[in-house]
Protein chains: 4
Amino acid sequence: MVRGESAFPDDREQWIIDLLNRLEADDVRKTEKQIRIIEAAVEVFSEKGFAAASTSEIAQRAGVAEGTIFRHYKTKKDLLLSIAAPVAVKLFAPFLMRDFAKLLEMPYDRAEDLFRAILRDRLDFARKHKKLLRILVHEVPFQPELLAQVKDLFTHIVIARIEPLIRHFQERGALREMPTWRVIRATVSQFVGMVVFHVFLAPEFPFDEEEEIEQTVDILLHGIAGRPS
Amino acid sequence: MVRGESAFPDDREQWIIDLLNRLEADDVRKTEKQIRIIEAAVEVFSEKGFAAASTSEIAQRAGVAEGTIFRHYKTKKDLLLSIAAPVAVKLFAPFLMRDFAKLLEMPYDRAEDLFRAILRDRLDFARKHKKLLRILVHEVPFQPELLAQVKDLFTHIVIARIEPLIRHFQERGALREMPTWRVIRATVSQFVGMVVFHVFLAPEFPFDEEEEIEQTVDILLHGIAGRPS
Amino acid sequence: MVRGESAFPDDREQWIIDLLNRLEADDVRKTEKQIRIIEAAVEVFSEKGFAAASTSEIAQRAGVAEGTIFRHYKTKKDLLLSIAAPVAVKLFAPFLMRDFAKLLEMPYDRAEDLFRAILRDRLDFARKHKKLLRILVHEVPFQPELLAQVKDLFTHIVIARIEPLIRHFQERGALREMPTWRVIRATVSQFVGMVVFHVFLAPEFPFDEEEEIEQTVDILLHGIAGRPS
Amino acid sequence: MVRGESAFPDDREQWIIDLLNRLEADDVRKTEKQIRIIEAAVEVFSEKGFAAASTSEIAQRAGVAEGTIFRHYKTKKDLLLSIAAPVAVKLFAPFLMRDFAKLLEMPYDRAEDLFRAILRDRLDFARKHKKLLRILVHEVPFQPELLAQVKDLFTHIVIARIEPLIRHFQERGALREMPTWRVIRATVSQFVGMVVFHVFLAPEFPFDEEEEIEQTVDILLHGIAGRPS
DNA sequence: GATGAATGAGTTTTCATTCAT
DNA sequence: TATGAATGAAAACTCATTCAT
């Protein structure tokens, strides 16, 4: 399921490889009914929210008996976690590849390319997993397990990969001197804002994707102020 | 309750004045028990989410009988809307003042000041109404009434106030030429990102507020790229 | 509820007085529906056993909605314990009166009278609370809370009241020298056997109560062996 | 399975021989999985009671699939009866041997020996089949089939064997004149009390078995009253 | 206006039993 | 013969809402 979804497919760290392999193994092991249950649950959870979703509606939409759900998932919450937890991993996974380390050897002007690649990749991801992301975002504040996992993933990524990278770009003069957290926040804000707008708020809004990516990265890098001619 | 919360307190448009007056009138009319109910509901809704909150817990925390809640609010959803709808109004209210129109006469370099004033004002607002905003954000996607109201308010603001303002600044050369929606999105992203970070994600994170505001606006205007010396 | 049930009504120890008062207070506080629920629960539990009893049947027999049961008792188990725990107390209560201590001053031949009084009293009690005793006996092995309470009550009684009494009678020659536990076991066996027989196994079996009591005590004291003439 | 368990192994009445043979034949016919199912069922039934035991837990403990249980036993209740019914038979079996009839020719002083032999034998039996007896005792009141069988066995024994024996001993002066049912009740009470105490209530309680048996029989025969010296 | 007992429809969950493989 | 996924009826329990007091 990860294969082909990321722009950076190979050569990840061992633990993340294991984690992703396990997820893939889980996927393979699923019976047809189980898949239908998952699909129905994703539908209902994303439409009504976890608490307002009823297992009876999920069963109905999946075309299985209600008992069947509980044969595969001990509780309704289990069903949620088995859906939401993998999304969190996949959401952050591309930032954990070994390639990321190699970026340190990039020439100065590749910072822009990197930003574009990431933005393009995650925009695709969000489109492909729109409902799952809705569920993840909505339930993270109420499910301590999810919250912990997301925090954990984010921290690992930031400390291990992103901060060194930012400092590297700053040393080369590609990025302004400022606290790394501020760079991260500005970038994440801009990217999340762009993805949320096109995927969730105004999915019908027509736009040239490549131009949007370019412009968004340009705004991030150079701001919206008028440039003295 | 709006008075004093906004940096731009007086002289609004008529319809928004009426709306705010009505809200204020509602506030005044509240009995002590009703206030306790609202407070308890805000607590419980923000902790567990609307669907997972029980009216019995709200009654308990408010120190009233369960029946009392339904004497004041026909249904649980009514209680939610009576809490969440005003927040949406207050969230957008400051952008509807007449002062905003006057900004068009501002000198070029005041664009920065305006951004700073707005960011400071809304950061304060978010801190003061943290729980209410949590509720609003979580329930908007599931409550069509709320969604419609938020969309309505936002559209009114954008068309009536913000787009002209942006075009004004662009004409003066204070902002780069680009579609207004892109300016708006970039600004909102950056500001929301900053507020979410300091109010919701890392409220303990120590920071110099004025510097943060200045830096955030600076990044918005000039980007994070290194500047050729 | 204790008043009139015991042959030894007054002047108990403080803790048992408190406990019994609390039980009585609980009884008084009960609404009419609550009483109907308890009665129905006693019926159903004693007919089918706790695990096989359904709350819906209890509700039906009590003539209340199923939800009403759970308004008064958090869980089905709570309902069981609120029924069974008091029986355990009442079962042992009479052995805790202060009068019991006074028995030490009795003349030798009163041992028989004491045995007869106890047997008569507990036979009455068993008849009056037949169903409750069924429930208690059946559920004690499966409900750790009940088991603990019964053990606790029994131990207190034996150590504080019965062992000294037995030793007293042994010193006077009214009872043979043998370990106190063996005296207790023999007596309890004989009495329980008699009560179980007349109340539970063969309630229709006609008998002269006074004579039965006399004979049972006589067998306990002098055995069933033929007496050399 | 009966052979060697009773102190009186041979030479039973025809109908009970047939019954026991049939039970034994059933045992022999059992596959290894069936045996594991029975063992697991005994465990779970005795731990939780029949109604609270789940076939899935039994299957799990037996290491078989849930369906396998129902291949061998039509229903869960069938499984219970196939376990409990034989215990009832074995519990009463020894009283049905032909030897019992021969006891009528015993000399007077052998009454004590008989009591001792029976008590020793049934104490062993209870220890060996502790869990089965728990099940039997707990389920008899709720399973009409079991109740009928136990009553039937008991009646047969009493009428056919025990009453004549008691009358025989009474005629010889070995037992006091009193209604036979009272002799039986006194004996059963004392013996059951002793077995319950040592096997179920206080299995850790250390005791000299032969002395206990002797003392218990002595108490049954001569009572606990002090003997005038 | 306030109460809180009562409701009953709805929820999640369990479980004995069936049946295709 | 054995399996175990699937079932659906029933279980325990929840909860928004009503209403007599």
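Every chain is numbered from 1, with letters handed out A, B, ... down the list of sequences.
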Polar side-chain atom of Arg61(B) near backbone of Ala40(B) as donor-acceptor pair, under 3.5 Å: no
Minimum-distance nucleotide to Arg71(C) side chain [options: dT12(E), dA2(F), dA6(E)]: dA6(E)
Pair pattern of DNA chain F in dot-bracket, where unpaired bases get dots and | marks partners in another strand, Watson-Crick or G-U under 3.5 angstrom: .||||||||||||||||||||
Contacting residues from residues 134-147 of chain B, given that a heavy atom lies under 4.0 angstrom of DNA chain F: none
Sugar-phosphate only, base, or nothing, as touched by Ala52(B) at under 4.0 Å among non-hydrogen atoms: nothing
Centroid-centroid distance, His138(B) to Phe142(A), less than 6.0 Å: yes
Distance in angstrom units between Glu66(A) CD and dT11(E) P, rounded: 8 Å
Heavy-atom side-chain proximity of Leu136(C) to Leu132(C) below 4.5 angstrom: no
Sugar-phosphate only, base, or nothing, as touched by Ala51(B) at under 4.0 Å among non-hydrogen atoms: nothing
Geometric cation-pi criterion, Lys131(D) with Phe45(D): 6.0 Å, 45°: no
Sugar-phosphate, base or nothing in reach of Ser54(B), heavy atoms under 4.0 Å: sugar-phosphate
CA sep, side-chain torsions, deciding dist, call: Glu66(A), Thr55(A), side-chain hydrogen bond (donor to acceptor under 3.5 Å, both in side chains): CA-CA 7 Å; Glu66(A) 215 173 334; Thr55(A) 51; 2.9 Å; yes
